2 protein chains.
Amino acid sequence: MSGRVPRGDGGKPGRKPQERALRRKEALLDAAVALLGEGGFTAVTHRAVAERAGVPLAATTYYFSSRDELVAQAFAVLVERDLRLMRDSLTRACGDSLDELARTLVRTYASDRGRQLGLWELYLQAGREPALQHIARAWTDGWDDIVRTLLDRSGHPCGRSEVRFVATLVSGFWLEHIVEARPGALEQAADMVTRALRAIST
Amino acid sequence: MSGRVPRGDGGKPGRKPQERALRRKEALLDAAVALLGEGGFTAVTHRAVAERAGVPLAATTYYFSSRDELVAQAFAVLVERDLRLMRDSLTRACGDSLDELARTLVRTYASDRGRQLGLWELYLQAGREPALQHIARAWTDGWDDIVRTLLDRSGHPCGRSEVRFVATLVSGFWLEHIVEARPGALEQAADMVTRALRAIST
DNA sequence: ATTAAAGTTGGACAAGCGTACCGCTTTTAT
DNA sequence: ATAAAAGCGGTACGCTTGTCCAACTTTAAT
């Protein structure tokens, strides 16, 4: 038999993967992530991903055993990148005042609508596919962690419940803004978050 | 030519639609709504809807000019039913205490996971398809209205911002619970909502 | 040098999809 | 009665999809 199954990750040593192959797999994931942001879940097809990554169609089935696995890995990458971007953006500018803090929280969420839509789409998909569950939870946990760090550093340390409170509220406003794009929603959200912060800091 | 286009809604009088046809269209919408809850957006195909409704395939294209329109109308029906169910359930049991109010708010959200998943799925889809925008907004507005009514009747009247605050918070917790299904999430959510209500009632 | 694994690829397959056609029956206004 | 509109539905077209296969080349351990 010829070379099937690049690495099920749990088998015998065999040969070590070649560098070019790793780059190809990465390119495929990048393409999948980009497509997911542009056209959503249904846009991530084998052919579209392959063409975008500049590789032949058959390469997609060589590196990913199924479409579900490709989508799952793309979801994981997307979550990882999103959390890092959010962390970087939030830890940089960090004012002391509650109002400024709220404004920073809300503003950061407002970048790259397509990517965020894709992210939420996959998050929702996790409600039906158990294989995506742990990635969805990792997103929530990571976001909670960022909010906690931010609150701590701003001189408003608080418990788990309060963190969940702020994180969920911001996520909720964010989702609404991404989907409905109502004018002035961002400012209102910032006001509400300010109020929430004031509520938990007493 | 024979009978094409049942009613573009905006044309000449022509003939009035027959009763059996209306029931059929309703059956198709019911089937679409059910399928959307069971299998999500992608499960709503012409063939699946037709089979479910007990009508031949061609009937779906007769009553709906395209799949997008079928999905859009199913979305509208789903929103309408959801809001009514929520309104009925909430206005019935209506305690006075903040804690009881919060618990009622959260508990009501916890019914029929599949239907809720489908609803959120379509809501998110509205972020990409402008045709769905007004339905998504109707859902948000309707939910806001229910929350306002509930707060008013419980002796905690408040302004628009405060209503948005509570509505978004509850929706956020709800969405998390539907997707991630973490144990104890409902109780935590109720506590947080209680805290939020206390924050806005002072 | 040999050999087996890994990587690579064009092409094909069955299945499912949205949609359109067109002959047919039923209703209804005249 | 008659004709037009509306309802009806079997069938098929063209397309996209996920997945697979068999042959080929490259890599690396022996």
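We use all heavy atoms of the structure for the numbers below, so side chains are in, but hydrogens, waters and symmetry mates are not. Just so we're on the same page: letters track the sequence lines, and every chain starts at 1. For clarity, every value in this text was computed on a predicted model and none was experimentally measured.
Comparing dG9(D), dT19(C), dT8(C) by their closest approach to the side chain of A21(A) singles out dT8(C). Taking only side-chain atoms of T61(A), from C-beta outward, the nucleotide of dG18(D), dC20(D), dT9(C) with the closest atom is dC20(D). Which of dT8(C), dT11(D), dG18(C) sits closest to the side chain of L57(B) comes down to dT11(D).
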Worked check of salt bridge (charged side-chain N to carboxylate O under 4.0 Å, His left out) between R195(B) and E162(A): CA-CA 10 Å; R195(B) 192 186 290 258; E162(A) 287 81 8; 3.1 Å; yes
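Among the protein residues, R24(B) comes within range of the sugar-phosphate backbone only, with heavy atoms under 4.0 Å from sugar or phosphate atoms but none that close to a base. Here A58(B) lies in heavy-atom contact (under 4.0 Å) with a base. Residue contacts shown for T45(A) are limited to sugar-phosphate atoms, with no base heavy atom under 4.0 Å away. When heavy atoms are screened at a 4.0 angstrom cut-off, S66(A) is found touching the sugar-phosphate backbone but no base atom.
Atom pair Q18(A):CD and dA29(D):P shows a separation of 10 Å (rounding to whole Å applied). For L35(B) and dC17(C), the CG to P distance is 11 Å, given to the nearest whole Å. Atom pair E51(A):CD and dT9(C):P shows a separation of 15 Å (rounding to whole Å applied). In this structure, L70(B) places its CG atom 12 Å from C1' of dG18(C), rounding to the nearest Å. Rounded to a whole Å, the CG atom of L22(B) is 13 Å from the P atom of dA6(D). Distance CZ (R67(B)) to P (dT19(C)): 9 Å, rounded to an integer number of Å. Rounding to whole angstrom units, NZ of residue K25(A) and C1' of dT8(C) are separated by 16 Å.
With hydrogens and angles ignored, no donor-acceptor pair closer than 3.5 Å exists between the side chain of R20(A) and the base of dG7(C). One can find a donor-acceptor pair under 3.5 Å joining the base of dG18(C) and the side-chain atoms of R47(B).
A cation-pi arrangement is found for K25(A) relative to F64(A), the charged atom lying closer than 6.0 Å to the ring centre and inside a 45° cone about the ring normal. R182(A) forms no cation-pi arrangement with F173(A), by the criterion of a distance under 6.0 Å to the ring centre and an angle within 45° of the ring axis.
Between M192(A) and T168(B), every side-chain heavy-atom pair lies at or beyond the 4.5 Å cut-off. At least one side-chain heavy atom of Y123(B) sits less than 4.5 Å from a side-chain heavy atom of T140(B).
For Y62(B), no side-chain nitrogen or oxygen approaches OP1 or OP2 of dC8(D) to under 4.0 Å. Dashed line: the shortest gap from a side-chain N or O of Y63(B) to OP1 or OP2 of dC8(D) is under 4.0 Å. Using a 4.0 Å cut-off, some side-chain N or O of H46(B) falls inside it from OP1 or OP2 of dT19(C).
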